[in-house]
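Reading through the structure tokens given below for one structure.
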Amino acid sequence: MRQKERICIGVFNRYDYAVRRNIYQKAAGYRYREIESRERRCIAWLVKRFHLNISFEMKPGLVRAVSMDRSVFYARPAKKSLKEVDFIHAWNQVCATQLPWGVTLETKLPHNFETGGLLCRLYEAYVRDRDLKLAARPNCRFIIAFSRNTYDSFRNEVRKNDPMLWRCIGPKTTVLLPPQRRLADDVQIEQKYRRDRKWKLFFCGRDFLVKGGMEMVKALQNLRRRYEFSLILISPLNVHSRGFQLNPVYEAEEVEQTIRFIRHAPWIEWYGQVDNHRAVRMMKECHIGLFPSYGDTFGYVVLEMQACGCPVITTDQNALRELNNQQAGWVCPLSGCGDFLRDKQAQAAARERLVRLIEESLTDAFGNRSLVEQKAKYAARRIEEEFSEETFAERLGDIYRKAGLK
């Protein structure tokens with residue numbers, strides 16, 4: 001390989017999320033170059049490119065609504081784009097290549113499909129075996145889990161599929177939380193809470209149902225009878241989530257009624273979508289954030305709100321328990337509600353509990369402004385200490401060097 005200053009790391013050009021979230025281009029002494037995938041040659045690319053659903057109508061219970069959507073996380077790097085590339089750093093995908101490569105995982109490998117009947121399960125089994133064997137090869141130098149929850153989920157998946165594979169994959173798997181720069185200092189936080197007497201709340205999430213949007217709105221409707229506040233809500237109000245089976249618990253009429261209410265309520269400022277810079281400006285002006293998600297893989301917006309001095313109400317699901325705590329915000333525990341991802345009775349119980357816990361958290365907040373300010377300061381300082389860009393860059397550089405990029 002060339003000298004350190006000449007080492008070039010290839011990153012796939014279609015994943016701007018990893019760039020926006022500061023996952024790439026952080027380690028000093030390395031060059032990054034965009035590369036292309038040969039996915040254009042396969043049916044999976046057509047499905048992803050045009051957001052097609054491949055559905056099969058057969059006997060009930062055999063095959064039902066097999067949707068491939070955009071969940072094929074497998075790439076063959078195009079040779080013409082690999083000029084001068086020494087190493088590939090992938091995002092949420094395995095690489096079929098002879099070059100050394102590594103991957104950062106937000107969720108797990110293989111990524112789940114929107115699963116349905118027998119045909120989809122058979123295809124998933126094939127993908128799982130293929131992807132894990134690629135990850136076990138020597139030229140896969142590292143696997144970076146986005147969180148401890150991601151690490152545990154990935155480890156359990158590998159062990160369930162083939163316990164022997166973990167002997168190859170485990171030693172090169174590590175946890176590296178993503179970086180987040182602090183966006184508000186203590187003085188700015190103090191000024192906000194002492195200047196604005198009316199409470200401003202903030203919610204941002206694409207998959208409205210999965211993020212607990214229905215329960216949040218219901219809780220806020222109940223609280224409006226006693227408190228004065230406003231809500232900034234950023235969401236396309238997408239009610240067709242990918243790979244999440246909670247939706248059947250919602251009646252279509254209930255969802256439509258909630259969406260109409262959001263669009264016309266005078267105290268709700270609704271945006272279908274805004275750019276990240278504008279969203280951050282809004283966060284800085286808000287006192288409390290809401291992200292009561294049922295099944296988010298990570299929840300990066302929680303870090304952004306905390307960095308802006310906006311403490312957040314979250315659940316304790318998946319990685320959210322690593323991002324939030326009672327000192328930095330409010331945590332609504334749902335772990336005792338049973339398997340609410342699959343069981344409808346448990347889903348209904350979880351919904352009722354979440355509405356109640358959001359109400360209790362906000363009642364606690366509205367009654368003690370100084371407590372909310374303390375949480376805001378603690379959350380922002382925690383971002384500075386535990387999610388600093390400098391620490392992330394040093395750790396990523398160490399991982400690269402351990403992978404042989406010296």
Side-chain angles (χ1 to χ4, degrees), residues 8-26 32-51 67-82 85-115 120 123-147 149-151 153-155 157-158 161 165 168-169 172-176 178 242-243 297-298 300 319 396 399-400 403:
C8 180
I9 297 175
V11 296
F12 289 105
N13 56 11
R14 69 179 182 278
Y15 287 109
D16 66 328
Y17 180 90
V19 176
R20 288 187 286 110
R21 296 313 192 194
N22 299 317
I23 306 305
Y24 294 149
Q25 303 182 12
K26 284 298 173 184
Y32 288 81
R33 178 191 180 96
E34 288 190 350
I35 60 176
E36 297 178 358
S37 170
R38 289 171 55 194
E39 272 190 319
R40 293 175 181 270
R41 300 183 181 181
C42 66
I43 295 175
W45 179 84
L46 294 175
V47 174
K48 293 195 294 182
R49 175 63 180 84
F50 298 105
H51 305 271
S67 172
M68 293 179 70
D69 191 45
R70 293 179 295 171
S71 298
V72 181
F73 283 68
Y74 170 80
R76 288 181 178 273
K79 290 183 179 180
K80 65 179 182 180
S81 68
L82 294 179
V85 171
D86 300 299
F87 190 91
I88 296 174
H89 188 167
W91 166 254
N92 266 353
Q93 63 187 168
V94 297
C95 295
T97 178
Q98 297 301 315
L99 279 175
W101 62 279
V103 59
T104 294
L105 297 180
E106 183 185 17
T107 171
K108 61 182 180 181
L109 289 177
H111 196 79
N112 283 345
F113 291 82
E114 292 191 13
T115 188
C120 193
Y123 187 70
E124 280 195 74
Y126 159 74
V127 169
R128 184 182 301 113
D129 182 66
R130 177 200 67 190
D131 289 0
L132 293 181
K133 285 180 178 177
L134 284 171
R137 287 181 179 177
N139 68 323
C140 175
R141 301 292 176 80
F142 62 74
I143 299 172
I144 300 174
F146 224 38
S147 65
N149 177 76
T150 298
Y151 178 92
S153 176
F154 177 57
R155 179 194 59 198
E157 186 72 26
V158 175
N161 187 71
L165 277 179
C168 300
I169 294 175
K172 56 187 174 187
T173 304
T174 188
V175 177
L176 180 59
R242 306 180 314 278
T297 52
F298 189 76
Y300 202 98
L396 183 58
I399 292 170
Y400 282 164

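Computed from heavy atoms alone, side chains included, the values below leave out hydrogens, waters and symmetry copies. Remember, predicted model here, so these are calculated numbers, not experimental data.
In this structure, Asp131 CG and Gln93 CD are separated by 10.0 Å, a value rounded to the nearest 0.5 Å. To the nearest 0.5 Å, atoms CG (Leu396) and CD1 (Ile9) are separated by 7.0 Å. Between Cys140 atom SG and Leu132 atom CG the span is 10.5 Å, to the nearest 0.5 Å. Atom CH2 of Trp91 sits about 4.5 Å away from atom CD of Glu106, to the nearest 0.5 Å. Thr97 contributes atom OG1, which lies 10.0 Å from atom CZ of Arg137 (distance to the nearest 0.5 angstrom).
Heavy-atom minimum distance, Asn92 versus Val103: N-CG2, 3.7 Å. Residues Leu165 and Ala136 share a closest heavy-atom pair of CD2-CB, 3.6 Å. Taking all atoms of both residues into account, the shortest heavy-atom contact from Asn139 to Leu99 is ND2-O, 3.0 Å. Residues Tyr151 and Ala145 approach most closely at N-CB, 3.6 Å, considering heavy atoms. When every heavy atom of Ile88 is checked against every heavy atom of Cys95, the shortest pair comes out as CG2-SG, 4.0 Å. Across all their heavy atoms, Arg141 and Ala403 have their closest contact at NH1-O, 2.7 Å.
Phe146 and Phe154 have their aromatic ring centers separated by at least 6.0 angstrom.
For Asn149, the side-chain contact (heavy atoms from CB on, under 4.5 Å) partners are Ser147, Asn318, Ala319, Arg321, Glu322, not counting sequence neighbours. In this structure Ser153 satisfies the side-chain contact (heavy atoms from CB on, under 4.5 Å) test together with Lys108, sequence neighbours excluded.
Looking at His89 and Tyr32, their side chains never bring a donor and an acceptor atom within 3.5 Å of each other.
Shown here is Lys172, whose NZ atom has more than 12 heavy atoms of other residues, nucleotides or ligands within 6.0 Å.
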